Amino acid sequence: MKRSTVKELLTSTETNRDVRLKGWVRTRRGNNQVAFIAVNDGTIIHSIQVVADLGSFPEETMKRVTTGSSISVTGKLVESMGKGQSVEIQATEIEILGDCDPEEYPLQKKGHSFEFLRENAHLRFRTNTFGAVFRIRHALAFAIHKYYNDKGFFNLHTPIITASDAEGAGAMFKVTTLDLDGAPKNEEGGIDFTQDFFGRPTNLTVSGQLEGELGATALSSIYTFGPTFRAENSNTPRHVAEFWMVEPEMAFYDIHDNMDLAEDFLQYLIQYTLEHCQDDLEFLNKMVDKGLLERLRFVMDNPFERKTYTEAVDILMKSGKKFEFPVHWGLDLQSEHERYLVEQHFKRPVILTDYPRDIKAFYMKQNDDGKTVRAMDVLFPQIGEIIGGSQREERMENLLERMREMNIPEDELWWYLETRKFGTVEHSGFGLGFDRLIMFITGMSNIRDVIPFPRTPKSADF
RNA sequence: UCCUCAGUAGCUCAGUUGGUUAGAGCGGCGGACUGUUAAUCCGUAGGUCGUAGGUUCAAGUCCUACCUGAGGAGCCA
């Protein structure tokens, strides 16, 4: 008989039929007559109840039905006689696929702390919470491709190993095949990278944006979706060394088109999850974050507030609130300022634009005032900046001027500059931190709990 | 990287102003119980108190260093 998944069985309306089920035992209850075995196979958050009359099965087999063991069950799918579930399986055959020694198995019937489960990242997929989180993570990855595909964007695979270290987005991991002991030296006494694999220093990418612009200035609209790496010694619930980013880049888009896209995109993703991951979201809303569903619906239904940086600074200065870092024009906004704007003043997501040029990257388009650039940050409640983007500087003269001011080596980025040299066009783009999006949508408060195998300082197990 | 807090049984924690054989709940194991829902009830085993030094008659408790984790800050996504 063909195996049915728990999802198929629980959503089936056709009862009183023979079925076969395979999965892992979550809990086992019962008395001296009958055993109730909750079996889960990860296809859906719910487990299905298997009922086994003890008289019909060898004691030796039933002894091995322990939490964590894998079993195959044949039996009849019937309406449940007990409360708590609509259908269950009346077992006629039970086969132990894999034993699980309860003395050694780390996961218990009761809940565990997230810290403990992080140390057991290889097994935490078997818990309800992490099952839900990673099913949702999948759904969102799929929704992102669907969204852009439906809009005519092309997915561009930008390199993970990059020779450019000029993006200025943070410390990078070096990539080399040279022996760390006794690496060849050049005449100045430094490492001689001409003998390295690529014949030059290389790193893991911190962003695919610059390469993304090359795609957009030919294909019109592209997006990248891949891993990025930061070698920063950041120890916070929002930072990891390896994370995924979505970076759309569009020719013929100005900053307003860019904002429209960012807002529509985020609302689409929330709506997609609400539609496709109901069970998982309801579980998370109940067990992890009681305000989750309400917050998601609110963000989906309400337009984001759009203000300039200058207006935001004005609001903060007039707020009368005492901040740890006093506000003045020119200061990069701190977490406390962003939170005040989003959570207390506007009480909704906020898009801030036109930041001072001195606190933003070289490639952002300069405004006519000579002071600000066409940057935009989307700020969300609880997690802060979820999107950072800008209209790009398409004027060669202005771009070169900024690069010289900021000591960005022109010769290393010659290929980037040629987009401005040959048929330059207005274009824009942004970066979305995929993992932070998952945090927002699942209500999980630590980024290490939305990544299957998180990489943080001093931690690269599994 | 900085600040704060924490590390005691498999898990979550308690452990008084330093004082004898270090406790609980849950989980495990054994038993009871005719349908359970984190089942319930009875019994039972289980600990080099993060590591290394130090103070003291005496250290889980005080001091120092280090390791690990969490929260906040910075960097940012």
Side-chain angles (χ1 to χ4, degrees), chain A residues 26-38 46-55 63 66-68 78-85 88 90 100-120 127-128 167-171 205-209 226-247 287 323-325 332-336 338-339 359-361 377-380 383-389 430-440 445-451 456-459 461:
Chain A
R26 279 292 175 80
T27 66
R28 163 158 178 209
R29 298 176 290 271
N31 51 43
N32 57 354
Q33 301 281 311
V34 63
F36 302 97
I37 309 160
H46 309 292
S47 298
I48 192 164
Q49 174 157 285
V50 171
V51 184
D53 292 317
L54 293 182
K63 257 196 139 107
T66 57
T67 299
V78 295
E79 285 180 32
S80 179
M81 290 163 62
K83 292 173 197 164
Q85 59 279 317
E88 63 191 18
Q90 188 69 48
C100 183
D101 184 349
E103 300 250 26
E104 285 185 69
Y105 190 55
L107 303 184
Q108 306 172 358
K109 294 181 188 182
K110 60 170 208 154
H112 290 99
S113 68
F114 289 150
E115 284 89 345
F116 174 75
L117 290 171
R118 230 168 269 154
E119 289 166 9
N120 291 278
T127 65
N128 285 334
E167 286 139 73
T205 184
V206 293
S207 161
Q209 183 202 311
T228 48
F229 307 86
R230 305 278 164 91
E232 302 282 358
N233 190 8
S234 296
N235 294 286
T236 85
R238 297 177 305 282
H239 292 84
V240 273
E242 177 179 320
F243 62 99
W244 283 56
M245 270 214 289
V246 184
E247 296 179 288
M287 304 299 286
F323 294 108
E324 192 188 336
F325 296 90
D332 203 359
L333 297 182
Q334 309 291 311
S335 297
E336 56 174 342
E338 296 179 348
R339 294 193 68 152
I359 58 172
K360 288 292 181 184
D377 283 1
V378 181
L379 310 178
F380 260 28
I383 53 172
E385 185 183 335
I386 193 168
I387 279 180
F430 60 80
L432 166 75
F434 182 60
D435 313 277
R436 287 191 181 170
L437 174 78
I438 309 295
M439 288 173 75
F440 182 76
S445 54
N446 193 313
I447 198 167
R448 300 170 184 108
D449 295 328
V450 300
I451 299 176
T456 51
K458 300 278 188 293
S459 172
D461 296 335

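Below, chains carry the letters A, B, ... as their sequence lines are ordered, and counting in each starts from 1. All of these numbers come straight from a predicted model, not from anything done at the bench.
Here A:N31 reaches the OP1 or OP2 of B:G35: one of its side-chain N or O atoms lies under 4.0 Å away. Contact annotation: A:R29 does not reach the phosphate of B:U36 (side-chain N/O to OP1 or OP2, under 4.0 Å).
Going from atom CG of A:D377 over to atom P of B:A77 covers 8 Å, rounded to whole Å. Remark: C1' of B:A77 and CH2 of A:W244 are 15 Å apart, rounded to the nearest angstrom. Note: CD1 (A:I386) to P (B:C76) measures 18 Å, nearest angstrom.
Heavy atoms of A:M245 sit under 4.0 angstrom from primed sugar atoms or phosphate atoms, though from no base atom. As judged by a 4.0 angstrom heavy-atom cut-off over every strand, A:E104 is placed among residues making no nucleic acid contact. Among the protein residues, A:E88 comes within range of the nucleic acid bases, having at least one heavy atom under 4.0 Å from a base atom. Contacts of A:G388 with the nucleic acid, taken as non-hydrogen atoms under 4.0 Å apart, are absent.
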Contact string for nucleotides 24-30 of chain B, one letter per nucleotide 5' to 3', B = base within protein heavy-atom range under 4.0 Å, S = sugar-phosphate only, - = neither, reads -BBSSS-

Any chance you could list the contact pattern along nucleotides 68-74 of chain B? Use B for base contacts, S for sugar-phosphate-only contacts and - for none, protein heavy atoms under 4.0 Å, 5' to 3'. SSSSBBB

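Both geometric conditions, a ring-centre gap below 5.5 Å and a plane tilt below 30°, are fulfilled for A:F243 over the base of B:A77.
Looking at RNA chain B, the stems built from 3 or more consecutive Watson-Crick or G-U wobble pairs, each pair with its key distances under 3.5 Å, are B:1-7 with B:67-73, B:10-13 with B:23-26, B:28-32 with B:40-44, B:50-54 with B:62-66.
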